[in-house]
Amino acid sequence: MLRATILASAATLALLAAPASAQSADLEAQRQAVFQQMLADPANRSLMQQYAQLSVQMRDFEAAAATLERLVDLEPTNTAARVELAIAYFALGSYDVAQYHLAAAQASGALSPADAARVARYQAESEERGDGTELDGRIEAGLAWPAESGDTGTFFNANLDYRFDLGDANVTMWVTEFAYSNYTPDTGSLNARQSARLRTGPEFRISGDAYGPRLQPYVEFEWLDRDPTLSISYTSVAVGAAYQNPINERFTAYADLQFGRASATEPADVDFEFHEASLGLTYRPSRDTRFRLSGWVEELREVDVANPFTTGIAGVRLSAQHAFNPDFNVLPNRWVAGGFVEIEQIDRENTFTMTEIEEQSYGAFLRAFVFEDIYVETAWAQVMQDATTSGVTTSSEESVVSVQLGWEF
């Protein structure tokens, strides 16, 4: 069943990616056409600007920076080109160079109020990242309405990512991630849960470049209360290694492997050991569109009991999102639309009992940025679960509509 699900998700990814691939191919064709014109007329500044803009759309920031450098050399007073050059260097992680061009643009006195505010934001971010530390995160709070139970519930999510530059030649960072989630509309909800996770460890850039593999050995602590799928609450500690490889401007591969031990407090006090492996691939045909396909397997085994349960988990998830600016000029000024589909299979057995759980979920969201970093999001999700024990199947279903206020920083 899971193999068929993976194949179906891969096929879905191909179908979803087709329009984006066509868009990407069209952008590349336009860029190549402009490039050929530049070869015939290398001093044409309008062509340089077009080529740089198309390169940014395709997230080829190195090509954009090289072209904009030439344009700024030819037109030192072209403030718009200098700002775009600074942003290209910012995207490449060259924060000192970005700050130089941002300061030059600010000193020109030719910035509009909107551009001045934009430059100030990039300056503050460049200074923060350039000083060897970086803090990113998202905080969300809102209301959810489960259709079946009719019990309105509040929820809160927080994700923080703190990076500290260790100062070596390969840009090694010490990375600490914290995540907290709380959603408890009622005890019978298929979505109800509360969890906290802390992961910390050094991240090595093996190639020492913006692209190329990165490896993070880590230790992770987790607390989970009332997982309705496994019917347990636990605290755990694990060690593992996370692999990330930005192959190029379009593709990034992920992998994660961890081993740990947990202590469950519900429904009974019992310890269990676990190991988990996951793989993922992100495809970004443009800077505004992203697809991600991920899969995972996990095994949990009770220890120090006479008749231990062994639980196997396997799942696959496909998600997509697209950012855009609406045609009408009213708040909000930037929108993000997206969705996901996920299937997870759980097998739990001991000598006497076997339970199979298959859970399917899918949903969509629309995020509207009211200000630069503040957004309102409306989302809908559907969860369906079939649990089979001793040949008896119990089916459950729940749909949830939510509205939340979020802050990205």
Side-chain angles (χ1 to χ4, degrees), residues 20 23-24 26-39 41-130 134 136 209-211 246 248-250 284-290 322-327 329 333-336 369 371-373 408-409:
Q23 179 189 25
S24 179
D26 183 57
L27 287 174
E28 179 60 24
Q30 293 181 49
R31 191 170 73 145
Q32 287 302 317
V34 173
F35 181 72
Q36 293 301 320
Q37 294 178 60
M38 285 173 58
L39 291 178
D41 188 4
N44 190 313
R45 301 169 189 183
S46 176
L47 292 174
M48 292 181 194
Q49 194 158 352
Q50 290 180 51
Y51 183 80
Q53 290 172 347
L54 290 167
S55 296
V56 167
Q57 289 183 55
M58 299 190 67
R59 302 183 70 249
D60 188 353
F61 297 109
E62 291 180 346
T67 305
L68 289 167
E69 282 279 13
R70 290 179 55 216
L71 182 56
V72 170
D73 284 343
L74 293 170
E75 295 183 3
T77 59
N78 189 333
T79 305
R82 191 177 290 276
V83 170
E84 294 302 321
L85 177 59
I87 293 173
Y89 276 120
F90 179 91
L92 290 169
S94 300
Y95 304 119
D96 289 341
V97 181
Q99 287 186 60
Y100 168 80
H101 289 290
L102 289 168
Q106 191 175 53
S108 70
L111 293 173
S112 67
D115 287 337
R118 184 186 184 203
V119 165
R121 286 194 298 270
Y122 271 103
Q123 279 184 316
E125 186 69 17
S126 296
E127 290 173 4
E128 181 179 336
R129 297 191 183 188
E134 180 181 340
D136 299 305
D209 202 352
Y211 295 120
N248 53 39
E249 66 273 7
R250 298 185 187 178
R284 299 192 67 167
S286 72
R287 64 175 179 175
D288 296 324
T289 305
R290 181 176 66 191
H322 177 69
F324 62 96
N325 293 321
D327 293 334
N329 188 24
N333 54 20
R334 182 164 64 94
W335 290 21
V336 181
F369 281 81
F371 300 105
E372 183 69 22
D373 302 318
E408 285 185 347
F409 57 91

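Keep in mind that what you see is a predicted model, and the values were worked out from it rather than measured.
In R31, the CZ atom is crowded: over 12 heavy atoms of neighbouring residues, nucleotides or ligands sit closer than 6.0 Å.
Of all non-hydrogen atoms in E62 and L92, the two that sit nearest each other are CG-CD2, 3.6 Å. R82 and P76 get closest at one heavy-atom pair: NH2-O, 3.4 Å. Here the closest heavy-atom approach between residue A64 and residue A52 is recorded as CB-O, 3.8 Å. The minimum heavy-atom distance linking N78 with E75 is given by the pair ND2-OE1, 2.7 Å. Closest approach of V34 and L54 over heavy atoms only: CG2-CD1, 4.0 Å. Counting all heavy atoms, side chain and backbone alike, L68 lies closest to A81 at CD2-O, 4.1 Å.
If you take CZ on R121 and CG on L102, they are separated by 11.5 Å, rounding to the nearest 0.5 Å. With rounding to the nearest 0.5 Å, the separation of CG in L85 from OG1 in T79 is 12.0 Å. Annotation: the span from M48 atom CE to Q50 atom CD amounts to 12.0 Å, rounded to 0.5 Å. How far CZ of R250 is from OG1 of T289: 12.0 Å, rounded to the nearest 0.5 Å.
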Working for side chain to side chain contact (heavy atoms under 4.5 Å, CB included), residues R45 and L74: CA-CA 8 Å; R45 301 169 189 183; L74 293 170; 3.9 Å; yes

W335 vs F369, side chain to side chain contact (heavy atoms under 4.5 Å, CB included): CA-CA, chis, key distance, verdict: CA-CA 6 Å; W335 290 21; F369 281 81; over 6 Å; no

Test log, rule side chain to side chain contact (heavy atoms under 4.5 Å, CB included), inputs L111 and V83: CA-CA 10 Å; L111 293 173; V83 170; 4.1 Å; yes

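Annotation: ring-ring contact (aromatic ring centres under 6.0 Å, His included) contacts involving residues 51-74, sequence neighbours excluded, comprise F35-Y51.
A donor atom on one side chain and an acceptor atom on the other are found under 3.5 Å apart for Q32 and E28.
Annotation: side chain of D288 is in contact with side chain of H322 (closest heavy-atom distance under 4.5 Å).
Each of E84, E69, H101 was checked for a side chain to side chain donor-acceptor pair (under 3.5 Å) with Y89, and the lone residue meeting it is E69.
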